[in-house]
Structure formats: C-alpha cells, structure tokens
Amino acid sequence: MILADSFVKSSKARESEFTTNKGDRPLIVQFAAKNPSDFANAAEMVRSYTDGVDLNCGCPQKWAMNEGYGASLLKKPHLIRDIILQVKNRIPGPFTVSVKLRIMENLRSTVELCRTLESAGVSFLTVHARTPVQKHQPINEEALCEIKRSIGVPMIANGDVKSLVGAEELHQKTGCDGVMAARGILANPAFFAGHPVTPLCCVQDWVTISTATGTPFQCFHHHLVFMLEKILPKPKRLIFNVLKKREHVLSFLEEYGITCNKEVNTKSAFSAVDCDYGTNTLDEGTYFKEKIDNLRTPIESEDYLEDSCDLYST
C-alpha cells in the first residue's frame, strides 16, 4: 500500500516505494488515497509500468483510519465511486482499476457498496471477509457468498488463505473467482505450488535474487524470518531473528546448504526499470483485461437475497 499523495509529490517517496523490472508482469500497484485527484494522478504516473491500480479500502490500522485512508473509506461509498470514475475517465481501455475492501457489520450495506462500485466501472473487487475491528476471528464465508452472487464483476476472496488446500476450499465454498494471500504467502511463497512449508530451494532463490538486486538488509532479512518460521526450531529461530548483518545471515544459512553465489549472472534479468514518471505511454494491460472479460457474469435478479450462490480455476 503506497500513499498516493506522497507518491505524487515526492521523488524520494517514488524511489523508495516503487521499483519494477521487465519480468515483473502482470503487476498491479495498490495505493491508499482519500480523494480522487491523488489516486488518479498516481495512477497516471505508474500506468506505463503496470497493468492496473488498486484502491485500498481495507487497511484497519489506527493511523490509516485517523488519516482517512483504508477502511475509513467504507463509510464514504460515493467518494470511492468518484475515485474509481476519475481514473476510468483519465485512463481508458484494458488498464484495470480495482478495490480491496473489508466487509461491514451490515452485510446489505457491503453489497450495496460493491454494486455501487460495479456501476462505476470497477474491474474487480477483492474482499477481506472480516470487519475493520476484527483481527483473528474466522472469516465470514457467508458474506463472501452473498457478495459473489450479487455482483457481475470478478470477486477475489481474502482472509486466512495459508495453503493450496485452503485456497481450493475457499473457492469451492464461496464461488470466488480468485484468492488473495498475505501472511500465508509471506510464510511460504511456494504454497500455491502445493508445498506445506517453504522449500529450501525457495530460500536459495530469494538469497540469489536479493543479492543480485542489492535488496536492503531489512527487507532481505524480514522475508527470511517469515520463510524460515516453520523450518527452524525455536532456539535457532530466536537467534536468526535478531541477526543484524547480511554476512551473519549468510553464515547462518550455510548450515542449511544455502549459499550466496555472487558469480550467478542474474542482475540483467532483475535490473530495475528506470521509471520516467513524466512519460504516460499507455500499457496494453491485456493480461487482466482478458481474464476479467472471461469471468464477468450476469446477475439474474435485482434482489441479491433471492439469488443462488473463475481466475483461480483457470
């Protein structure tokens, strides 16, 4: 989640918050915004390097709520609608504009919001099936079912997706068109390939890529802490998690057969694109456009309560 106003105003924010490379596709950039102009301006700046933008209406953190970002926007459906409309008016064609949101206490209000965004031309919706005040409670699968059968645009389900089996079960239960994973994919970047825990080859890949790209230590170590959580025994984990230098991390990993091969020529493959934010050559973005057109479904009834209840399954 990148703050749109800072991204537009500050070159330092752009340099620290957004990097990409030629192989980094398909790609959607998520912004936090509280007015249409900031979001639309940020979208225009990244459109040459992405397939679409996403508006965060789900972040429940206190600072975001107090500043008018994230889940605080759920109380302002017409503002979200205006934000979507402005980007759609400025950037036509296959470039996607999506929204990630949380459900509200009143399910009918949530469905009405989703329908409002659909009428504004939103490309797809990602729904985290908890309210802004809920943290670790089970997700509301019934809410996902109601939302899915009430809208025609694709719906991505989010919340507690930590394994391939869990993703498949959520898809079967709710009819969602896709699943989004957050904590689960941090802990095991290979779980969509069916691995129950992060395979060591995945850890090796991260060490190789981060070395080739000069990834800052905090990011390099942070991801390894997540990836090794279920691999390392607790005493080892306590040691690894407080390491402060790259050389200490690499020395620790040698015990597990992970090496830092500086001779591997991966730099060209992962070299960052030099983003010229003043150039607005529209990217085709055909990947998401084709997927969304295939997933769009008609609504049989205006009364969503009477309706009976896929990117993921393709």
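Atoms considered below: every heavy atom in the structure, side chains included; atoms not considered: hydrogens, waters and symmetry mates.
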- Passes side-chain contact (heavy atoms from CB on, under 4.5 Å), Ile91 versus Val97? Steps please. CA-CA 9 Å; Ile91 309 177; Val97 186; over 6 Å; no

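- Rounded to the nearest 0.5 Å, atoms CD (Glu105) and CG (Leu74) are 11.5 Å apart.
- Atom-to-atom distance recorded for Leu238:CG and Lys234:NZ is 6.0 Å, nearest 0.5 angstrom.
- In this structure, the side chain of Ser251 does not engage the main chain of Glu247 through any donor-acceptor pair within 3.5 Å.
- When all heavy atoms are compared, the tightest approach of Thr198 to Met227 is OG1-O, 3.3 Å.
- Inter-residue side-chain proximity for Tyr49 and Val29 is flagged as unmet; no heavy-atom pair is nearer than 4.5 Å.
- Closest approach of Leu243 and Val249 over heavy atoms only: CD1-CA, 3.9 Å.
- With no hydrogens or angles considered, a side-chain donor-acceptor pair links Gln204 and Thr208 at under 3.5 Å.
- Taking CZ of Arg115 as the start and CD1 of Ile151 as the end, the distance is 9.5 Å to the nearest 0.5 Å.
- For the pair Arg14 and Glu17, the salt-bridge criterion is not met [side-chain N within less than 4.0 Å of a carboxylate O].
- Within a 6.0 Å sphere centred on NZ of Lys76, heavy atoms belonging to other residues, nucleotides or ligands number 12 at most.
- Contact detail for Pro154 and Ser123: the closest heavy-atom pair is CD-O, 3.5 Å.
- Contact record, Val153 with Val122: CG1-O, 3.6 Å, taken as the closest heavy-atom pair.
- Shown here for Gly58 and Arg102, the closest heavy-atom pair between the two residues is O-NE, 3.1 Å.
- Side-chain contact between Thr174 and Lys148: absent, with no pair of heavy atoms (C-beta onward) separated by less than 4.5 Å.
- Of all heavy-atom pairs between Ala43 and Val87, the closest is CB-CG1, 4.1 Å.
- At least one side-chain heavy atom of Asp5 sits less than 4.5 Å from a side-chain heavy atom of Tyr69.
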- Message: Set out, in order, the CA-CA distance, both residues' side-chain angles and the distance that settles side-chain contact (heavy atoms from CB on, under 4.5 Å) for His223 and Cys219, then state yes or no.
- Response: CA-CA 6 Å; His223 280 287; Cys219 178; 3.7 Å; yes

- Apply side-chain contact (heavy atoms from CB on, under 4.5 Å) to Leu186 and His222, showing your working. CA-CA 10 Å; Leu186 284 172; His222 187 69; 5.8 Å; no

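- Within the 4.5 Å cutoff, no side-chain heavy atoms of Leu224 are placed close to those of Phe252.
- Linking Ile, Leu, Val, Met, Phe, Trp and Tyr whenever their side-chain heavy atoms come within less than 4.5 Å puts Ile185 and Val161 in one cluster.
- The shortest side-chain heavy-atom distance between Pro77 and Glu112 does not fall under the 4.5 Å cut-off.
- No continuous path of ILVMFWY side-chain contacts below 4.5 Å connects Met1 to Ile28, so the two sit in separate hydrophobic clusters.
- Using a 4.5 Å cut-off between side-chain heavy atoms of Ile, Leu, Val, Met, Phe, Trp and Tyr, with links allowed through other members, Tyr277 and Phe39 fall into the same hydrophobic cluster.
- Inter-residue side-chain proximity for Leu228 and Leu253 is flagged as met; some heavy-atom pair is nearer than 4.5 Å.
- Residues that satisfy the ring-ring contact (aromatic ring centres under 6.0 Å, His included) test with His248, not counting sequence neighbours, are absent from this structure.
- Between the side chains of Asn21 and Asp24, no donor N or O sits under 3.5 Å from an acceptor N or O.
- Asp54 CG to Phe124 CZ: the interatomic distance, rounded to the nearest 0.5 Å, is 6.0 Å.
- Sorted by first and then second residue, the side-chain hydrogen bond (donor to acceptor under 3.5 Å, both in side chains) pairs with a member in residues 124-140 read His128-Arg130, His128-Asn158, Arg130-Asp160; sequence neighbours excluded.
- Distance check: Arg183 CZ to Lys162 NZ gives 5.0 Å after rounding to the nearest 0.5 Å.
- Considering only heavy atoms from C-beta on, Pro199 comes within 4.5 Å of Asn188 through its side chain.
- A ring pair (Phe, Tyr, Trp, His ring centres under 6.0 Å) check over residues 13-38, counting only residues at least two apart or in different chains, returns the pairs Phe7-Phe31.
- To the nearest 0.5 Å, atoms CG (Asn241) and NZ (Lys236) are separated by 13.0 Å.
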- Check step by step if side-chain contact (heavy atoms from CB on, under 4.5 Å) holds for Val127 and Leu101. CA-CA 5 Å; Val127 182; Leu101 53 89; 4.1 Å; yes

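- Val197 and Val203 are assigned to two separate hydrophobic clusters, defined by single-linkage of ILVMFWY side chains at heavy-atom distances under 4.5 Å.
- Cluster membership for Leu73 and Met65, using ILVMFWY side-chain heavy atoms within less than 4.5 angstrom, is not shared.
- Residues Phe240 and His221 are in side-chain contact: their nearest non-hydrogen atoms beyond the backbone lie under 4.5 Å apart.
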